Amino acid sequence: MGNAVHRYARVVLDLPGVGREFDYIIPSALQGRVQKGVLVVVPFSDRRAYGIVIETCTQSEYAQRMIESVLDDRPVVTPSQIELARILSENTLSPLGAILFSMLPPGLSQQADVLYTWLGSDEIGEVGETERALMRLLVRRGPLRGRQIDAALPHRDWRTAARRLIRRGLLRAEPVLPPSSVRPKVVRTAQLACSPEEAQAQLPHLGRPGSVALIRRQAMLRFLIQEPWPLDVTWLYAVSGGNRADLDYLAEMGLIRLSETEVWRDPLEGIAAVDEPTAPLNLTSDQQRALEVILECLHLSEEATKKPILLFGVTGSGKTEIYLQSVAEALVQGKQALVLVPEIALTPQLVRRFLARFPGQVGLIHSRLSAGERYDTWRRARDGRLGVVIGPRSALFTPMERLGLIILDEAHEPSYYQSETPPYYHAVQAAMEYARLTSSVLVLGSATPDIVQYYRAQKEGWPVLRLPERVQTVLAPKGQESPNVTVKPAPLPQVKIVDMRQELKAGNRSIFSRALLENLEQVIQAGQQAILYLNRLGASTYVFCRECGYVLKCPRCEIPLTYHLDPAELICHRCNYRRLVPNTCPQCGGREFRHYGLGTERVEQELGRTFPGIRILRLDSSTSRVKGAVDLILTHFAHHQADVLIGTQMLAKGLDLPLVTLVGIVLADVGLTLPDFRAAERAFQLLTQVAGRAGRGPWGGRVILQTFQPEHYAIRYAAHHDYEGFLHHELELRRTIGYPPFARLVRLEFRHKDRRTVEQESERMAEHIRRWISESDQPRCEVIGPAPCFYTRLEGRYRWQIVLRGEDPTLLLRPHLSELKDWRVEVDPPSLL
DNA sequence: AGCACGCCGACT
DNA sequence: GTCGGCGTGCTC
């Protein structure tokens, strides 16, 4: 039974919109090569298509046509990945094919090529000139790939000629996935492999006394004793006058270790080299406890069900060190690890520390890689030559046979959700499923955990590891024996709330409060730096009373109305209620009911006027449009070539800027009024993160938070660094209004260039859905909308949405997916904007 | 995705 | 009378 021949293969195709599975016959020539997970070429309809084999079987009712070829004998997805794709397809209502092919590195099918082999003799009789040229080429050079022939016979229509020769049986063509020629950018590095004392003791014995070689080797070793991390070997050659042979000699003696480190460029290159310890750091008792729990889970048997671990550590509490030591243990156990970060360009420190701690074992995936480089990293991981892969959400799909640990840093970040192109999925949910399938340990790290995740953690009894204190890393004087680094607690920055209504009453109409001005003055005097943070998201639609802070709400839905131009009116994005902007405040009768036009330019101007001669940098979408500009701006600021950095969301995270002792939040209320059930949570997270930018260095720091709603709970709790307080308040609110985690949502969105079409289609679909609900016996499900989306127009198209809310709205939609093919369907969307 | 089949409006 | 619009269905 068990060794019955598998003559059929179930294949999923790379044709979006053809998400179904198809059965094919495995030709006897490909027996043994067609296995689960391989990439194949199959005939489909009147064309050919790439497909992934998800199963091989002994029986099939449908199979008629044959698999044409196998592109690569190694599977492109592992069995666990196929299972994961199945689950995600179910959960996200996306076709299986869309999920499976999104797991492959971009451009993999572009990497695919056709190998041409000459079969005939050179006596081919009457043929065209191109045919003859092709034949001569292949006879001379042997089998060639299409791309090589392109290069050899430019501007010739050799493909037509090839087709004719294939028909005559003179030429063979087979699709292949060639080995990538692109290498990741690596440098050879050398590092001390023994204690500095041992190295010191060996100094006199590195060659014949008095020889030049001895002097060179001594110079190399002395340098490595002083710099105890992996160094580019070209450096060593330069400082010692030595060469490769000398290095090999030292390596042979076991004094140094040679390896390769991937080159990684980042905006703070060379500035904060001190925070690159290669040896494990000493841990505080909180850190030690947290690490122990993770290690315990890593030691559990494969079969044991492992719950996700929530690592709840404030900004600067040393989560990275825990990740590093957890990964080290996984590697010792012979397992591989995946480390996901929200945006790799913003986490250079984390990346550098991984590269330094695990030289030669880390693969990076980031947006600056070319398709070829990404493909290469993917292959190295698949071949088991990488122990750790660091990357954004898509890195979760790097094939790893021995996966044992998955880490998601800043797991609350919205960038873990793929909302741009289908399939729409959440990397946190995907990672939870994947960890379960592979018996891996999953660590979700965050300073401000996602409320829904935290609620689940409590309800399902996940380990929650708390790191409530910031730590400061201090490098001990050189030459001291290990540990070379100590850690000590540091305070969180003090946050002062400034009530902008009082400023107005006191006659201050400036965008800066008196408190903020005083503090800016002090900081600049002291030669330190400040960040002014401006939330742009929702700023243009935020209309309120400057005297009392009142915001108009929808009389039906109780959610804040947002202001839109053309026509100028206030809109409820939940139910499409509309009204004009009142002239006076409905609450206090104040005359200043309007919005607070505020951009980074205006802040820059006003700041420049107040402090002549001050050096200002601006980081927003207009200054960062040019490629590399963000790096440049941050580098300038980090080098203290400016006193104040004015910026939007993009400066909220990641960077460690020790000279920054003041953070001013120009208007904290913006964002609170967004028509989204997560608006308060997002605002809280953002405020907490921005506040965390202050006082990362030895001089401490403070935060000035300006607001027209000082009593708002998100602002109050953020100012007190009180996550738990916020959590309880927010959960109670969600419970009463029935939003996640107390209900599930599905968002349906329709886009079209014509406004009327969108409106009509939305109404029509809402009508259909109401009928489905009345005809279904599924649990209650509520239709919210249709209404225009918050971003009413995107890429020249109008957007409307319908939100379904209930215990599981997907049950209702499942039978009707084909009717929704022109709609975006998002299950459990993290935002409704 | 592509492509065929199929049923209603304006054109040589 | 035909050419062509895109709605619906199919591809192992």
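For the numbers below, each heavy atom of this structure counts, side chains included, while hydrogens, waters and symmetry mates do not. In this text, all values refer to a predicted model and were calculated from it rather than measured experimentally. Order of the sequence lines sets the chain letters (A, B, ...), proteins ahead of strands, with each chain counted from 1.
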K.L.:
According to salt bridge (Lys or Arg N to Asp or Glu O under 4.0 Å), who are the partners of Glu761(A), at least two apart in sequence or on a separate chain?
P.N.:
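Per chain and number, Glu761(A) pairs via salt bridge (Lys or Arg N to Asp or Glu O under 4.0 Å) with Arg764(A).
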K.L.:
Which residue pairs pass the side chain to side chain donor-acceptor pair (under 3.5 Å) test with at least one member in residues 782-792 of chain A, sequence neighbours excluded?
P.N.:
Glu782(A)-Arg805(A)
K.L.:
Hey, is CZ on Arg780(A) packed in by over 12 heavy atoms from elsewhere, all under 6.0 Å?
P.N.:
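Atom CZ in Arg780(A) is not packed in, count stays at 12 or less.
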K.L.:
Once you round it to whole Å, what is the distance between C1' of dC12(C) and CD of Glu68(A)?
P.N.:
14 Å
K.L.:
Between the protein and nucleotides 9-11 of chain C, list the N/O to N/O atom pairs that are separated by less than 3.5 angstrom.
P.N.:
none

K.L.:
The criterion is side-chain hydrogen bond (donor to acceptor under 3.5 Å, both in side chains); which residues satisfy it with Gln801(A), sequence neighbours excluded?
P.N.:
Arg747(A)
K.L.:
Taking only residues two or more places apart in sequence or in another chain, which ones pass side-chain hydrogen bond (donor to acceptor under 3.5 Å, both in side chains) with Glu767(A)?
P.N.:
Arg770(A)
K.L.:
Applying side chain to side chain contact (heavy atoms under 4.5 Å, CB included), name anything that partners Arg797(A), two or more places apart in sequence or on another chain.
P.N.:
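Side chain to side chain contact (heavy atoms under 4.5 Å, CB included) check on Arg797(A) returns Arg751(A), Lys753(A), Glu795(A).
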K.L.:
Going 5' to 3' along DNA chain B, which are the first and last nucleotides with any atom under 4.0 Å from a heavy atom of chain A?
P.N.:
dA1(B) to dC3(B)
K.L.:
Who are the ring-ring contact (aromatic ring centres under 6.0 Å, His included) partners of His412(A), not counting sequence neighbours?
P.N.:
none
K.L.:
If the condition is side-chain hydrogen bond (donor to acceptor under 3.5 Å, both in side chains), which residues does Glu763(A) pass it with, not counting sequence neighbours?
P.N.:
none
K.L.:
Expressed as a whole number of angstroms, how long is the span from Glu55(A):CD to dC12(C):C1'?
P.N.:
14 Å
